[in-house]
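The next block holds one structure in the form of structure tokens; read it before the comments.
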Amino acid sequence: MRLALRDRVVECEEGRPLLMGIVNANPDSFSDAARLATLEDQVAHALAQVRAGADIIDVGGESGVTYTGPTAEEVEIGRVLPLVRALVAADVTVSVDTFKPAVAAAALEAGAAMVNDVSGLADPELARLCARSGAALVVMHTRAAPKQAHFPAYTDVVGDVESFLREAMARARAEGVRNDQLVVDPGPDFAKRPGESVEVLRALGRLRALGRPVLAAVSRKYFLGAVTGRPPDERLGASVAAALWAAREGAAILRVHDVAEVADALAVDRVLRGEAEVPEVDDGDDGLKWIREGS
């Protein structure tokens, strides 16, 4: 399956999901244990994720928490634009996590290759921006307005996700977005209780029938806390397990905070499944065998 990211086209391979690293340039992300307060720190963190295996860096300037109000457009632009510019200059493929057209327009002008919209395409201008620029567009399922808590009484949450995404993709195409620019996201935790998020993720294989790459944003999510009883900064093991599950069920993109750990898990999983061989190693490299004192 082909995915267009402006002038770059990638082939989404079965069992080899792209990794989307996360860099938050806002001060109130619910999931970040450490705040990246300076542009230098944000760029360094992003480049470390690229070295660890990230194919895309998702830059966000506003937290999705519902206990604070929306961030002013000019504030959000001020947070993300310097980071987008710096990463594009470093030849990094950048996604911007926003539902505001003004923010998306500024990021696209700076060279971003994807708009990750968590509003469910509430504003069709986002689709028009992607149509004009050739950037990819992530359409996500949600029945809540951005920054608002709302939990509908679903009779069939998986069916609702499927029908919503079909309709959102149709609206995007009507605004000129090509099919190869579209990515779908079932939206775990967005307008869903933990059990509903799990139900939707169990049905990822069914969502592949939509014919577009599926993005699985499962890292440090609330449903993992419900399962494990752990706060966001202690959900590494749960996040890796969820990422592996999503990859096995056909997710084409994994949005993760812990790129190196997920990349390692995927590499081991491929070897154990017989899809890759154990790399040749130097038997004299003691660093792969044990930890020496003082090292």
Side-chain angles (χ1 to χ4, degrees), residues 17 20 29-31 58 60 62-70 97-99 115-124 126-127 137-174 177 182-232 235 238-239 241-256:
M20 175 187 277
S29 171
F30 79 93
S31 56
D58 195 35
E62 179 177 50
S63 172
V65 297
T66 58
Y67 53 77
T68 61
D97 179 359
T98 188
F99 58 87
V115 175
N116 184 11
D117 171 28
V118 298
S119 74
L121 200 57
D123 192 328
L126 288 171
L137 173 64
V138 180
V139 291
M140 189 195 78
H141 173 273
T142 181
R143 293 293 183 182
K147 302 286 287 182
Q148 294 184 18
H150 174 60
F151 300 98
Y154 299 104
T155 56
D156 174 9
V157 66
V158 176
D160 192 85
V161 169
E162 187 174 20
S163 62
F164 180 99
L165 292 176
R166 285 189 187 280
E167 189 271 338
M169 287 194 296
R171 286 190 287 117
R173 294 187 189 104
V177 178
L182 289 168
V183 175
V184 296
D185 177 355
D189 285 359
F190 283 84
K192 300 172 191 66
R193 295 176 175 83
E196 292 164 340
S197 292
V198 169
E199 188 175 349
V200 169
L201 290 169
R202 286 173 176 166
L204 279 185
R206 176 172 161 182
L207 297 180
R208 292 173 63 195
L210 294 170
R212 294 307 304 146
V214 176
L215 184 152
V218 294
S219 184
R220 302 185 187 175
K221 286 297 181 79
Y222 176 53
F223 80 90
L224 298 175
V227 173
T228 64
R230 295 185 181 277
R235 295 175 189 164
S239 296
L244 278 179
W245 165 266
R248 290 170 181 169
E249 293 300 301
I253 305 173
L254 302 177
R255 184 179 184 273
V256 300

Roughly how far, to the nearest 0.5 Å, is the [atom2] atom of [Y] from the [atom1] atom of [X]?
X: L210; Y: S163; atom1: CG; atom2: OG; result: 10.0 Å
X: E249; Y: L201; atom1: CD; atom2: CG; result: 9.5 Å
X: F190; Y: E196; atom1: CZ; atom2: CD; result: 15.0 Å
X: R173; Y: L137; atom1: CZ; atom2: CG; result: 11.0 Å
X: T98; Y: L126; atom1: OG1; atom2: CG; result: 7.0 Å
X: D189; Y: R220; atom1: CG; atom2: CZ; result: 14.0 Å

Task: From CA spacing to verdict: salt bridge (charged side-chain N to carboxylate O under 4.0 Å, His left out), R143, D160 - done: CA-CA 10 Å; R143 293 293 183 182; D160 192 85; 2.9 Å; yes
- [ ] Please test V256 against M20 for side chain to side chain contact (heavy atoms under 4.5 Å, CB included), starting from the C-alpha separation and ending with a verdict.
- [x] CA-CA 6 Å; V256 300; M20 175 187 277; over 6 Å; no
- [ ] Look at the aromatic rings of Y154 and H141 and report parallel, tilted or perpendicular, splitting at 30° and 60°.
- [x]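 Ring orientation, 0 to 90° scale: tilted.
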Can you tell if the side chain of [X] reaches within under 4.5 Å of the side chain of [Y], non-hydrogen atoms only?
X: L121; Y: F99; value: no
X: P70; Y: E62; value: yes
X: D185; Y: V139; value: no
X: L207; Y: E162; value: yes
X: I253; Y: V214; value: no
X: P186; Y: L204; value: yes
X: V158; Y: E199; value: yes
X: V198; Y: R202; value: yes

Task: Residue list, salt bridge (Lys or Arg N to Asp or Glu O under 4.0 Å) with R193, at least two apart or on another chain - done: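 So R193 forms no salt bridge (Lys or Arg N to Asp or Glu O under 4.0 Å) with any residue.
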Task: Side-chain ion pair, D97 and R255, N-O less than 4.0 Å - done: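 Salt bridge between D97 and R255, a charged N being under 4.0 Å from a carboxylate O: yes.
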